[in-house]
Amino acid sequence: MVYILLGTGFEEIEALTSVDLLRRAEIPVVTVGLNGSVVTGGHGIPVQTDISLGEMDLTDLDMIVLPGGMGGVASIRACPEALEAVTFAWDNGKFVAAICAAPTILADLHITDGKSAVCFPSCAEQMGAANYQADRAAIRDGNLITGTSAGCAVPFALALIAALRGDAAANAIAQQIVIR
């Protein structure tokens with residue numbers, strides 16, 4: 001199961017592109033509301049989430065995904081239960097993925113220490129001991145997957161698929177949506 005955490009002010013493109021492409025690849029994905037069952041993104045788009053944070057079953061977790069958006073990142077940072085879920089995933093060898101400003105949360109938790117990672121360019125100074133890769137749209141280093149920005153949402157989502165189902169599955173989705 002893939003859980004995508006949505007806090008008020010999340011970046012809609014990053015979250016919903018990941019949901020859409022994962023579902024196209026027939027990977028079970030659930031949106032998790034941190035601030036209620038309807039969470040409004042950073043551009044005023046309300047999203048009905050599948051479950052609340054308290055309903056997550058971490059024993060069924062394969063991957064946890066953190067979209068960016070400054071409000072969404074602040075919402076995750078302010079939620080101890082969300083941070084505990086991310087830490088649980090990492091400590092138990094599950095995939096942890098974040099895009100845009102959200103990799104800075106992983107840096108705060110020391111998940112990116114010594115790992116190749118990307119984030120929104122203006123957040124690079126907040127990446128701590130990560131091996132920051134400025135020229136990449138998305139990067140996977142073991143169980144860590146990071147993406148640069150909303151403009152890199154498709155490569156990020158394809159990296160999520162490749163991690164869970166392999167390159168062939170990711171390539172099939174890329175062909176389906178006609179990536180050039």
Side-chain angles (χ1 to χ4, degrees), residues 1-6 10-32 47 49-50 56-69 72-73 76 82 85-107 109-121 123-124 127 130-180:
M1 178 67 63
V2 176
Y3 290 114
I4 299 183
L5 304 185
L6 303 182
F10 71 93
E11 173 52 62
E12 294 95 337
I13 291 173
E14 296 161 0
L16 298 179
T17 298
S18 294
V19 171
D20 183 281
L21 296 187
L22 287 163
R23 288 187 178 166
R24 287 174 191 247
E26 299 181 3
I27 296 171
V29 58
V30 171
T31 56
V32 181
V47 173
T49 62
D50 297 314
M56 282 178 42
D57 179 1
L58 296 180
T59 64
D60 193 30
L61 173 71
D62 296 307
M63 176 184 285
I64 195 162
V65 180
L66 311 180
V73 169
I76 293 169
V86 172
T87 301
F88 175 89
W90 186 252
D91 289 347
N92 286 279
K94 307 302 181 182
F95 288 103
V96 174
I99 185 168
C100 198
T104 63
I105 296 169
L106 305 183
L109 297 171
H110 301 284
I111 290 171
T112 58
D113 288 359
K115 299 280 190 182
S116 293
V118 295
C119 67
F120 194 77
C123 296
M127 289 301 292
N131 178 16
Y132 179 68
Q133 305 285 312
D135 61 341
R136 303 282 299 270
I139 190 167
R140 177 178 171 196
D141 188 340
N143 285 359
L144 174 68
I145 303 165
T146 52
T148 299
S149 64
C152 302
V154 170
F156 176 72
L158 293 172
L160 304 180
I161 294 167
L164 292 167
R165 293 280 164 87
D167 290 335
N171 290 337
I173 298 301
Q175 287 178 353
Q176 183 185 90
I177 63 171
V178 192
I179 290 293
R180 299 199 192 276

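- In this structure, Val86 and Ile111 approach most closely via the heavy-atom pair CG1-CD1, 3.8 Å.
- For the pair Thr104 and Phe120, the minimum side-chain heavy-atom distance is 4.5 Å or more.
- With rounding to the nearest 0.5 Å, the separation of CD in Glu11 from CG in Leu6 is 11.5 Å.
- Closest approach of Ala137 and Val118 over heavy atoms only: O-CG2, 4.1 Å.
- In this structure, the side chain of Asp62 does not engage the main chain of Val2 through any donor-acceptor pair within 3.5 Å.
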Checklist entry - Would Leu144 and Trp90 count as a side chain to side chain contact (heavy atoms under 4.5 Å, CB included) if you check the C-alpha gap in whole Å, the side-chain angles of each, and the deciding distance to 0.1 Å? => result CA-CA 9 Å; Leu144 174 68; Trp90 186 252; 4.0 Å; yes
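- Pairing each heavy atom of Val19 with each of Val29, the nearest pair is O-CG1, 4.0 Å.
- With Glu14 contributing its side chain and Ala153 its backbone, the two residues share no donor-acceptor pair below 3.5 Å.
- Contact between Ala162 and Arg140 at its shortest, heavy atoms only, is O-NH1, 4.5 Å.
- Side-chain contact between Lys94 and Ile64 is absent, with no heavy-atom pair separated by less than 4.5 Å.
- In this structure, the side chain of Thr31 does not engage the main chain of Ile4 through any donor-acceptor pair within 3.5 Å.
- In this structure, Leu66 and Leu106 have side chains that are in contact, with non-hydrogen atoms separated by less than 4.5 Å.
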Item to check | Stepwise side chain to side chain contact (heavy atoms under 4.5 Å, CB included) test for Asn131 and Lys115 | outcome: CA-CA 5 Å; Asn131 178 16; Lys115 299 280 190 182; over 6 Å; no
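- Contact between Leu160 and Ala97 at its shortest, heavy atoms only, is CD2-CB, 3.5 Å.
- Among the candidates Pro103, Cys100, Pro121, Cys119, the single residue satisfying the side chain to side chain contact (heavy atoms under 4.5 Å, CB included) test with Thr148 is Pro121.
- The distance from the CG atom of Asp135 to the CD atom of Gln133 is 6.5 Å, given to the nearest 0.5 Å.
- A heavy-atom distance below 4.5 Å is found between the side chains of Ile27 and Arg165.
- Rounding to the nearest 0.5 Å gives a distance of 6.0 Å between CG of Leu158 and CG of Leu21.
- Interatomic distance, OH of Tyr3 versus CG of Asp60, reported as 5.0 Å (0.5 Å rounding).
- With a 6.0 Å radius and a threshold of 12 heavy atoms from other residues, nucleotides or ligands, Glu26 has its CD atom at or below the threshold.
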Item to check | Test log, rule side chain to side chain contact (heavy atoms under 4.5 Å, CB included), inputs Phe88 and Thr59 | outcome: CA-CA 10 Å; Phe88 175 89; Thr59 64; 5.6 Å; no
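- For the pair Ser18 and Ala157, the tightest heavy-atom approach, listed with the atom from each and the gap, is CA-CB, 3.9 Å.
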Item to check | Ile145 vs Met63, side chain to side chain contact (heavy atoms under 4.5 Å, CB included): CA-CA, chis, key distance, verdict | outcome: CA-CA 10 Å; Ile145 303 165; Met63 176 184 285; 3.9 Å; yes
Checklist entry - Going through the checks in order, is the salt bridge (Lys or Arg N to Asp or Glu O under 4.0 Å) test met by Asp141 and Arg136? => result CA-CA 12 Å; Asp141 188 340; Arg136 303 282 299 270; over 6 Å; no
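- Side-chain contact check for Leu22 versus Ile161: some heavy-atom pair is nearer than 4.5 Å.
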